[in-house]
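Below: one structure, written as structure tokens.
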Amino acid sequence: MKKDIETVIKEMLVSSIGQISRERGISLEGGPPVEVERGRREGQGDWATNAAMQWAGAFGERPLEMARRIVSLLPENPLVERVEVAGPGFINFFLSRSWMSGTIEHILELAGDYGRSDSGGGRRVQVEFVSANPTGPLHVGHGRGAAVGDICARILSFTGWDVEREYYINDAGLQMELLGRSTQSRYFEICGRPGEVPFPEDGYKGGYIFDLARQLLDSEGERYLDIPPGESLPFFTRYANEVILEDIRKTLENFGVKFDVWFSEKSLYDGIKIPKMLETLKKNGFAFDADGATWFKATAFSDDKDRVLIRSNGVPTYFASDIAYHKNKYDRGFDMVIDVWGADHHGYIPRMKAAVQALGRKEEDLQILLIQFVNLHRGGQQVSMSTRSGEFVTLEEVIDEVGVNATRYFFAMRRSDSHLDFDLDLAKSASTDNPVFYVQYAHARIHSIFREAAARGVAMPKPSEVDLSLLVEPEETSLVKRLSAFPGEVEKAAADLAPHRIVFYAYDLAGDFHSFYNAHRVLGVGPELEGARLVLSEATRVVLANALSLLGISAPEKM
RNA sequence: GCGCUUGUAGCUCAGUUGGAUAGAGCAACGGACUUCUAAUCCGUAGGUCGCGGGUUCGAAUCCUGCCAAGCGCGCCA
């Protein structure tokens, strides 16, 4: 297909409206743009436009008259079967069989690249996500961020962006020390000398700290008992940090998420990055000294308070290192930076956006995606979790229980900024109700048809060898229309950073195929129709596989 | 107190750069397997789009005031 149908219809409209404007001597300058959208329901066409209503005013016409006039001047096009005026002045376009055939051929020609675009234009984008403190295993909330971040990265890459995935390791500061002291305390406890190193008040109480201490005891023996705790603390901190981070890395890889860069917060405190950042802010006029501290003039932008960068005791705040981190991101040449955060950090957005602007970037160069909380359900009951007490369900446990595919699907199935109820029983059930299986099953069913065809000695025909105009049943046309919508859905998902759109699309497409499958047979309906339906099935399989691949979910041939 | 987010069918949610009769799934009810996987399909029923005003030819969508839920308002990270 040379030009997508949306463009074709727009050009027809522009041609028609242009002719009217020449007749009337009215300029088109500054008028509303001509937009077309997919018909929403049966009888309202495959595509529709409200252009007549938009333009009626400029031409001093009533919308309905305007619509009729536009239609009468539309150029002929073989892809468009007929055009109707409806409602208050909508113009509905009904597409022809030759458009349907062209769509199927186009899909099979592009195969794995169908839906791919170059709208990103090769611009560089960084997606930073998960970035959990290496103080314990990932829990389900991190899992949702991991799934959403990774799928966004896949979608952006598919739409022509040059994507890098990054994990920011918060390995500096108080939390790490707390982790070290917690581990150290448990070590002494296990060695039969409890209380010698008191457990810190806000320490990490999870059982995994005991595991760490036990591993240490196995590999190092009791020799740290004889070293003053203050001296051995850095060892405990480093050990716990490394082991936990490695555990996180493995979990994520197991989940299908691979990072290009693991960025250490510690590396920001090299004595130069923060001063350089301050220099930049001062040069731009957004940093000042007051009350013995150094401040960021966040109120110059849309934040409601100025923020401290360097405390009066000379220690930089977390915010200062975060600005230095973001400056570093832009210095690395990214055109756009996406931060995936837990929704509880939303109050931090104004100051971060302000900082980015103070560094001389545009506000939209930083996109922040908020991930709302996840509620786990089992047996109709909510699973209670509390990070503080160490009672939480880890991502690893969920993956073990329901599998990678269902876990990714469930995490991505809702808009990321809305609360998510994750039903563990449903996610692992191999039943009607489980949407993951529903989608995968459609893919497997198609393969099943192909297996049966092969057994009967029927080969998959080339699209050019079959008469696709035989596909006239309503279930067939619905299916083709859905297939044709895929590239547009991908674009929208990329523009809105909205993975759930792909989930919904895949589900709807699977539904269209199941309906088709139940209403009609593919094999044994005569060689001509059989060939056409095999080709349609293959096109469906391709698009299902592409959608699932964007979600990082497998497309099984058999279930 | 201020701010951010959310509020759509009994439940879980789509749909919001303003468009035509507001859509799915689950749950409920009634149907469809001697034929390519019934992990499926078809049908019925289910709604003051939180409430009230406003803008518009047209509002779930935009503005405004309330109500409710969650979260955030440190020289913490």
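Protein chains get the first letters and strands the later ones, always in sequence-line order, with residue 1 at the start of each. The structure displayed is predicted, hence computed values, not measured ones. We use all heavy atoms of the structure for the numbers below, so side chains are in, but hydrogens, waters and symmetry mates are not.
- Under 4.0 angstrom from either OP1 or OP2 of B:C13 there lies no side-chain N or O belonging to A:Ser418.
- Using bins of under 30°, 30° to 60° and over 60° for the plane-to-plane angle, the ring pair A:Phe486/A:Tyr505 lands in the tilted bin.
- Stacking of A:Arg82 on the aromatic ring of A:Phe94 is recorded, both the 6.0 Å distance cut-off and the 45° axial limit being met.
- Between the CG atom of A:Asn518 and the P atom of B:A38 there is a distance of 7 Å, rounded to whole Å.
- Closest approach to the A:Asp421 side chain among B:C36, B:A20, B:U12 is made by B:U12 (side chain taken as heavy atoms from C-beta onward).
- Checked by atom type and distance alone, the side chain of A:Tyr204 never pairs as donor or acceptor with a backbone atom of A:Gly180 at under 3.5 Å.
- Between A:Pro316 and A:Gly39, the one whose closest nucleotide on RNA chain B sits nearer the 5' end is A:Gly39.
- Taking atom C1' on both B:C62 and B:A69, the two are 24 Å apart, rounded to the nearest angstrom.
- Here A:Arg415 lies in heavy-atom contact (under 4.0 Å) with a base.
- Taking the C1' atom of each, B:A59 and B:C73 are spaced 33 Å apart, rounded to whole Å.
- Picking from B:U40, B:C13, B:G70 the nucleotide with the shortest atom distance to the side chain of A:Tyr438 gives B:U40.
- Side chain A:Asp202 to base B:A77: no donor-acceptor pair is found below 3.5 Å.
- Regarding A:Gln44, its CD atom lies at a distance of 8 Å from the P atom of B:A20, rounded to whole Å.
- In this structure, the CG atom of A:Leu309 is 13 Å from the P atom of B:C76, given to the nearest Å.
- The glycosidic torsion of B:C73 lies more than 90° away from 0, placing the base in the anti range.
- The gap from the P atom of B:G65 to that of B:C76 amounts to 35 Å, rounded to the nearest Å.
- Nucleotide B:G15 holds its P atom 16 Å from the OH atom of A:Tyr507, rounded to whole Å.
- Pair assignment for B:G1 gives B:C73, based on Watson-Crick or G-U wobble hydrogen-bonding distances that are each under 3.5 Å.
- Atom OH in A:Tyr409 sits about 12 Å away from atom C1' in B:C13, given to the nearest Å.
- Listed candidates were B:C36, B:A39, B:A14. Nearest to the side chain of A:His500 is B:A14.
- Distances shorter than 4.0 Å separate some side-chain N or O of A:Arg445 from OP1 or OP2 on B:A38.
- A distance of about 14 Å separates the P atoms of B:G7 and B:U17, rounded to the whole Å.
- When distances run from any side-chain atom of A:Gln54 to the nucleotides B:C13, B:G70, B:G19, the shortest one goes to B:G19.
- Not a single donor-acceptor pair, N or O on each side, falls under 3.5 Å between the base of B:C75 and the side chain of A:Thr317.
- Within 4.0 Å (heavy atoms only), A:Ala519 reaches no atom of the nucleic acid at all.
- Note on ring orientation: taking the six-membered ring where Trp is involved, the planes of A:Phe286 and A:Phe301 are tilted (angle from 30° to 60°).
- Rounded to whole Å, the P atom of B:C36 lies 33 Å from the corresponding atom of B:A45.
- With a cut-off of 3.5 Å on both Watson-Crick or G-U wobble distances, the partner of B:U55 is given as none.
- Nearest nucleotide to the A:Lys305 side chain, out of B:C41, B:C75, B:C73: B:C73.
- The aromatic rings of A:Phe516 and A:His520 lie tilted to each other, with the angle between the two planes from 30° to 60°.
- Looking at heavy-atom distances under 4.0 Å, A:Leu523 makes contact with a base.
- Distance A:Glu84 CD to B:A20 P: 17 Å, rounded to the nearest Å.
- A:Asp291 comes within contact range of at least one nucleobase, with a heavy-atom separation under 4.0 Å.
- Under the Watson-Crick or G-U wobble criterion, with both distances below 3.5 Å, B:A27 has no partner in any strand shown.
- Contact of A:His514 with B:C41 (side chain to base): no donor-acceptor pair of N or O atoms is detected under 3.5 Å.
- The aromatic rings of A:His419 and A:Phe373 sit tilted relative to each other, their planes meeting at an angle between 30° and 60°.
- Looking at the side chain of A:Arg414, the nearest of the listed nucleotides B:U6, B:C36, B:C13 is B:C13.
- An aromatic stack links A:Phe90 and the base of B:A20, using centre distance under 5.5 Å and interplanar angle under 30°.
- Note on A:Asn50: a base of the nucleic acid sits closer than 4.0 angstrom, heavy atoms only.
- In this structure, of B:U16, B:C36, B:A20, it is B:C36 that holds the atom nearest to the side chain of A:Arg456.
- Here the nucleotide nearest the side chain of A:Glu452, chosen from B:C42, B:C36, B:C76, is B:C36.
- B:C76 atom C1' lies 13 Å from atom CD of A:Glu265, rounded to whole Å.
- Distance, A:Asn133 CG to B:C76 P: 17 Å, rounded to whole Å.
- A distance of about 36 Å separates the C1' atoms of B:U6 and B:C41, rounded to the whole Å.
- Contact check, A:Arg311 against B:C76: a side-chain N or O comes under 4.0 Å of OP1 or OP2.
- Residue A:Asp512 is classed as having no contact, given no heavy-atom separation below 4.0 Å to the nucleic acid.
- In terms of modelled atom types and a separation under 3.5 Å, the side chain of A:Glu65 and the main chain of A:Arg62 share no donor-acceptor contact.
- Contact annotation for A:Ala86: base contact, defined as any heavy-atom pair under 4.0 Å involving a base atom.
- Taking the charged nitrogens against the carboxylate oxygens, A:Arg456 and A:Glu530 have no contact shorter than 4.0 Å, which rules out a salt bridge.
- Of the candidates B:A20, B:G3, B:A77, B:A77 carries the atom nearest the A:Tyr348 side chain, counting heavy atoms from C-beta on.
- The base-pairing partner of B:A38, taking Watson-Crick or G-U wobble contacts with both distances under 3.5 Å, does not exist among the strands shown.
- Comparing the C1' positions of B:G54 and B:G10 gives a spacing of 33 Å, expressed to the nearest Å.
- Here A:Phe504 lies in heavy-atom contact (under 4.0 Å) with sugar-phosphate atoms only.
- Out of B:U6, B:A20, B:G70, the shortest distance to the side chain of A:Ala48 is found at B:A20.
- Using a 4.0 Å heavy-atom cutoff across all strands shown, A:His520 reaches at least one base atom of the nucleic acid.
- A:Ser515 comes within 4.0 angstrom of the backbone, heavy atoms only, and of no base.
- Where A:Tyr517 and A:Met53 meet RNA chain B, the nucleotide closest to each residue was compared, and A:Met53 sits on the side nearer the 5' end.
- The residues A:Arg307 and A:Asp322 are annotated as not salt-bridged, no charged nitrogen and carboxylate oxygen being separated by less than 4.0 angstrom.
- Searching all strands for a Watson-Crick or G-U wobble partner of B:U48 with both distances below 3.5 Å returns nothing.
- Taking atom C1' on both B:A68 and B:G30, the two are 39 Å apart, rounded to the nearest angstrom.
- Figure legend: A:Arg445 and A:Tyr517 shown as a cation-pi pair, the cationic atom lying under 6.0 angstrom from the six-membered ring centre and within 45 degrees of its axis.
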